[in-house]
Every structure is written in structure tokens, then in C-alpha cells.
Amino acid sequence: MERFSLLKRWRELAAIIARACREVAGDCEVHVVGGAVEDRLTVLSDIDVVAMVEDPALRTIDVVIAVKRRAEELGLPEDAPIDLKIFTPRNSKNSWNAAFIKKPSG
């Protein structure tokens, strides 16, 4: 599927990722950040998703891969330009500017 047409569906795709995150990692907050929520997507953009989990053991590439696989089972196109990061509240203060995290309106 064409990349930009996928990007325009960012809300739908983010909802699939959020569901997959909760199924794989349990209770977590999922936020879309960056260009998608700031209405500045370009054909080179990706959909930046941050999952906030309590358990630091969930901050692994294996969990990211499991979430993406589950999301594909739930209908996420294989070529969806998703950039998933997993943070804990403790490391988010050091690794992520909390002011940058925005929940999509609506």
C-alpha cells in the first residue's frame, strides 16, 4: 500500500498498535507523538508511538516485535510506517521529553 495513504490513516493504525500493546504488555498507556498529532506528516514520515509500561522488563526488542506481530494479526498492514518505542515512567524523564508526548484529540 502506498506509504502516504497509510500515514493518512494514522489514527486507525495507532488504535491497532494500542490494542496490540495492551494484549502483549498488559496495562499500558499508548500515545502518538510527533508529526501525526501535530499535522505535519510528509511522505517520509512515520507514525511515532510511545507505550508507557510499568515493568522495565518489557522494554525489549522482543516485546516490540511481539507487539508488531500481534498488530499485524489485528489488521495492521505489514508495510505500515510505525516507529514504536517502549518507556517506563522512570526512564521517560531521562529518555523522552515528557512535554513532547501528546494525546490525539478526539
Side-chain angles (χ1 to χ4, degrees):
M1 188 175 277
E2 186 183 323
R3 183 181 181 92
F4 198 67
S5 67
L6 286 169
L7 289 167
K8 290 191 294 187
R9 296 173 43 207
W10 70 266
R11 285 179 180 86
E12 172 192 346
L13 301 180
I16 294 170
I17 285 287
R19 179 177 169 194
C21 282
R22 291 181 184 109
E23 289 182 14
V24 170
D27 188 33
C28 60
E29 288 185 37
V30 180
H31 303 271
V32 177
V33 298
V37 294
E38 294 171 0
D39 197 28
R40 55 179 180 81
L41 289 172
T42 71
V43 71
L44 300 176
S45 296
D46 54 14
I47 302 165
D48 299 302
V49 179
V50 174
M52 300 293 289
V53 299
E54 290 295 325
D55 184 356
L58 294 172
R59 294 190 61 238
T60 68
I61 190 67
D62 292 333
V63 172
V64 171
I65 291 168
V67 168
K68 288 188 175 183
R69 283 186 180 146
R70 180 62 186 134
E72 288 174 4
E73 292 170 359
L74 294 170
L76 184 77
E78 189 174 298
D79 57 345
I82 300 289
D83 183 13
L84 174 63
K85 304 278 193 273
I86 300 177
F87 289 100
T88 61
R90 181 177 178 159
N91 86 309
S92 68
K93 292 177 183 145
N94 298 326
S95 302
W96 194 264
N97 179 351
F100 186 64
I101 297 176
K102 297 181 181 182
K103 288 187 178 180
S105 58

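Counting begins at 1 with the first residue of the sequence. All heavy atoms count here, side chains included; hydrogens, waters and symmetry mates do not. What you see is a predicted model; the values in this text were computed from it and never measured.
Here the CD1-CG distance, from I47 to L7, works out to 5.0 Å after rounding to the nearest 0.5 Å. Rounding to the nearest 0.5 angstrom, the gap separating the CD1 atom in I61 from the CD1 atom in I65 is 4.5 Å. In this structure, E78 CD and K68 NZ are separated by 11.5 Å, a value rounded to the nearest 0.5 Å. Rounding to the nearest 0.5 Å gives a distance of 8.5 Å between CD of E29 and CZ of R22. Distance check: L76 CG to I16 CD1 gives 5.5 Å after rounding to the nearest 0.5 Å. Rounded to the nearest 0.5 angstrom, I82 CD1 and L6 CG are separated by 8.5 Å.
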Tell me, with the steps shown, if C28 and I86 meet side chain to side chain contact (heavy atoms under 4.5 Å, CB included).
CA-CA 10 Å; C28 60; I86 300 177; over 6 Å; no

What do the steps show when you test V33 against K85 for side chain to side chain contact (heavy atoms under 4.5 Å, CB included), and what is the final call?
CA-CA 11 Å; V33 298; K85 304 278 193 273; over 6 Å; no

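The two atoms that bring S45 and R40 nearest to each other are OG-O, 4.1 Å, heavy atoms only. In terms of heavy-atom proximity, V67 sits nearest to C21 at CG1-SG, 3.6 Å. Taking all atoms of both residues into account, the shortest heavy-atom contact from A57 to T60 is O-CG2, 3.4 Å. When all heavy atoms of F87 and V50 are compared, the pair lying nearest together is CD1-CG1, 3.5 Å. Contact detail for T88 and P56: the closest heavy-atom pair is CG2-CA, 3.7 Å. Closest heavy-atom contact between A80 and L13: CB-CD1, 4.2 Å.
A salt bridge is defined here as a Lys NZ or Arg NE, NH1 or NH2 lying under 4.0 Å from an Asp or Glu carboxylate O, and R69 with E72 fails to meet this definition.
Heavy atoms from other residues, nucleotides or ligands lying under 6.0 Å from CD of E54 number 12 at most.
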